[in-house]
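Only one structure is covered here, and it is reproduced in the block below.
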Amino acid sequence: MNVLFIGDIVGSVGRKALRTTLPSLKSKYNPHIIIVNGENSAAGRGITQSIAREFFDWGVHGITMGNHTWDNKDIFDFIDHEPRMIRPANFPPGTPGLGYTVVKANGKELAIVNLQGRTFLPAIDCPFRVSDEIVDELRKKHKHILVDFHAEATSEKIAMGWHLDGRASIVVGTHTHVQSNDDRILPNGTAYLTDAGMVGPRDGVLGMEQDAVLRKFKTQLPVRFQVDEGKWHLHGLFVKLDDVTGKAMKMEKIRILEDDWIMD
């Protein structure tokens, strides 16, 4: 199975980058299943139903979220009716939406799980305990499992990679918007990357306008952040999984800059 995971999509610039590059990404990597993180896709905060529909229309098969899941009120109108979109599974019981699901496409099945870290983020249930409950149950029926761990601390993400090595096929981090350089297949066959990176404005600060972020750091006063405009960059991860064992056979980081990319 070929899996394509695209990092946090930020605002209209990020959506433009995804729409522009997906045809070439499909041609180069021949992915059976495409997953994107969409928690920043609506003006940098949350997601709307129309944006989710756009992603599916473009060929995306599953959407993961994160700590900005609830920032756009539109989410409550459709999250319980969209099984292809998941929010962090370690939100308390009774929270709207799903924490994991199984997406099917091109004759393949991939279980996807969304978890949120606790270090430097709002209080939430233990992601390690919840991962045990979900992944061990999924493994009874599914060999191919992708975990999007939406977390701030590098150490927490690395710990989750080791925690799920050999149980999940892919553990990929999101949230920090900067692609890490530690991609590796762990000893028991799990493809791991601390952060997939972002899709959106490349000259902002994590996708936000420079001036507003600088003003915040220099004055410590309340500032309204807005998604930057201009050139985009796209980051993600490609993984080839063994159909029999579910283990990773090959992985490759993806980094594309607008006006400076040629797909082989």
Side-chain angles (χ1 to χ4, degrees), residues 1-7 32-37 39 61-67 69 83-95 97-105 108-119 121 124-175 180 182-196 237-251:
M1 181 194 299
N2 295 334
V3 178
L4 184 62
F5 182 88
I6 304 297
H32 297 101
I33 293 180
I34 302 171
I35 308 297
V36 304
N37 184 287
E39 71 135 18
H61 303 107
I63 300 172
T64 57
M65 298 292 285
N67 61 300
T69 297
R84 295 169 293 179
M85 187 175 74
I86 57 175
R87 45 75 178 163
N90 51 325
F91 279 125
T95 301
L98 302 171
Y100 64 95
T101 192
V102 178
V103 293
K104 302 177 182 180
K108 305 290 185 179
E109 292 186 2
L110 178 68
I112 58 174
V113 182
N114 201 181
L115 296 167
Q116 184 173 309
R118 296 193 293 182
T119 306
L121 284 173
I124 197 169
D125 292 349
C126 176
F128 294 90
R129 179 182 57 78
V130 173
S131 73
D132 287 340
E133 295 172 356
I134 294 174
V135 171
D136 288 348
E137 184 64 27
L138 285 171
R139 279 171 53 83
K140 295 177 182 179
K141 295 183 179 180
H142 304 282
K143 293 185 179 297
H144 303 93
I145 302 171
L146 179 149
V147 175
D148 173 354
F149 190 29
H150 198 81
E152 186 80 43
T154 300
S155 58
E156 193 175 15
K157 293 180 180 180
I158 293 172
M160 183 64 76
W162 288 115
H163 183 65
L164 293 176
D165 183 25
R167 294 192 286 161
S169 303
I170 303 168
V171 175
V172 57
T174 55
H175 178 66
S180 56
D182 60 343
D183 51 307
R184 63 178 292 195
I185 298 176
L186 298 176
N188 293 313
T190 295
Y192 175 80
L193 179 63
T194 293
D195 202 284
L237 177 68
F238 167 75
V239 183
K240 179 183 287 292
L241 301 176
D242 186 283
D243 282 341
V244 176
T245 66
K247 295 182 178 182
M249 303 168 62
K250 175 184 177 183
M251 65 185 302

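This one's a predicted model, so the numbers in the text were calculated from it and none came from an experiment.
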Report summary line: Heavy-atom nearest pair, G99 first then I86, reads O-CD1, 3.8 Å

Query raised in the report: Would you say D243 and M1 make side-chain contact, with heavy atoms under 4.5 Å?
Result: yes

Report summary line: In this structure, CD1 of I170 is separated from CD1 of I185 (nearest 0.5 Å) by 10.0 Å

Query raised in the report: Looking at D195 and S180, what are the two nearest heavy atoms and their distance?
Result: N-OG, 2.9 Å

Query raised in the report: Under the 3.5 angstrom rule, does the side chain of E152 hit a backbone N or O of L121 as a donor-acceptor pair?
Result: no

**Report entry** Step-by-step side chain to side chain contact (heavy atoms under 4.5 Å, CB included) determination, L193 to D182
**Finding:** CA-CA 6 Å; L193 179 63; D182 60 343; 3.6 Å; yes

Requested in this report: Apply side chain to side chain contact (heavy atoms under 4.5 Å, CB included) to V239 and V172, showing your working.
Outcome: CA-CA 11 Å; V239 183; V172 57; over 6 Å; no

Query - Shortest non-hydrogen separation from D125 to P93 and the atoms involved - result: OD2-CD, 4.1 Å

Requested in this report: Check whether any side-chain N or O of N90 sits under 3.5 Å from a backbone N or O of Q116 as a donor-acceptor pair, and report yes or no.
Outcome: yes

Query raised in the report: Are side-chain heavy atoms of R167 and D132 found at a separation under 4.5 Å?
Result: yes

Query - Side chains of H150 and T64 in contact at under 4.5 Å (non-hydrogen atoms) - result: no

Requested in this report: Say whether, by atom type as modelled, one donor and one acceptor occur between the side chain of N37 and the main chain of M65 under 3.5 angstrom.
Outcome: yes

Query - Interatomic distance, M249 atom CE to D242 atom CG [nearest 0.5 angstrom] - result: 5.5 Å

Report task. Look up atom CE in M251 and atom CG in L241, then write down how far apart they are to the nearest 0.5 Å. Result -> 10.0 Å

Query raised in the report: Would you find a donor on one side and an acceptor on the other, under 3.5 Å apart, between the side chain of T194 and the backbone of G173?
Result: no

Report summary line: For R139 and G166, the nearest pair of non-hydrogen atoms, with its separation, is NH1-O, 3.2 Å

Query raised in the report: Do E156 side-chain atoms and G117 backbone N/O form a donor-acceptor pair below 3.5 Å?
Result: no

**Report entry** Any donor-acceptor N/O pair, R87 side chain to T69 backbone, under 3.5 Å
**Finding:** no

Requested in this report: Measure the shortest side-chain to side-chain distance between V135 and Y100 over non-hydrogen atoms and say whether it is less than 4.5 angstrom.
Outcome: no

Report task. Would you please test V147 and S131 for side chain to side chain contact (heavy atoms under 4.5 Å, CB included) and show each step? Result -> CA-CA 9 Å; V147 175; S131 73; over 6 Å; no

Requested in this report: Pick out which of L237, D148, V103 makes a side chain to side chain contact (heavy atoms under 4.5 Å, CB included) with I35.
Outcome: V103

Query raised in the report: Which distance, rounded to the nearest 0.5 Å, do you find between the CD of E39 and the CG of N114?
Result: 8.5 Å

Query - K143 vs S169 side-chain heavy atoms within contact, under 4.5 Å - result: no

Requested in this report: Output the distance between atom CD1 (I134) and atom CZ (R129), rounded to the nearest 0.5 Å.
Outcome: 9.5 Å

**Report entry** Least distance between heavy atoms, E109 atom then H144 atom
**Finding:** O-CB, 3.8 Å

**Report entry** Nearest atoms (heavy-atom pairs only) where A196 meets G7
**Finding:** CB-CA, 4.1 Å

Report task. Kindly indicate whether the side chain of F5, heavy atoms from C-beta on, has any atom under 4.5 Å from the side chain of T174. Result -> yes

Report task. Could you grab the distance from atom CD1 of I63 to atom OG1 of T101, nearest 0.5 Å is fine? Result -> 12.0 Å

Query raised in the report: Between T190 and L164, is a side chain to side chain contact (heavy atoms under 4.5 Å, CB included) present by the stated rule, with each step listed?
Result: CA-CA 8 Å; T190 295; L164 293 176; 5.6 Å; no

Query raised in the report: Would a 4.5 Å heavy-atom cut-off, applied to side chains only, mark I33 and L146 as touching?
Result: no

**Report entry** Validation row: K157, Y192 side chains within 4.5 angstrom (heavy atoms)
**Finding:** yes

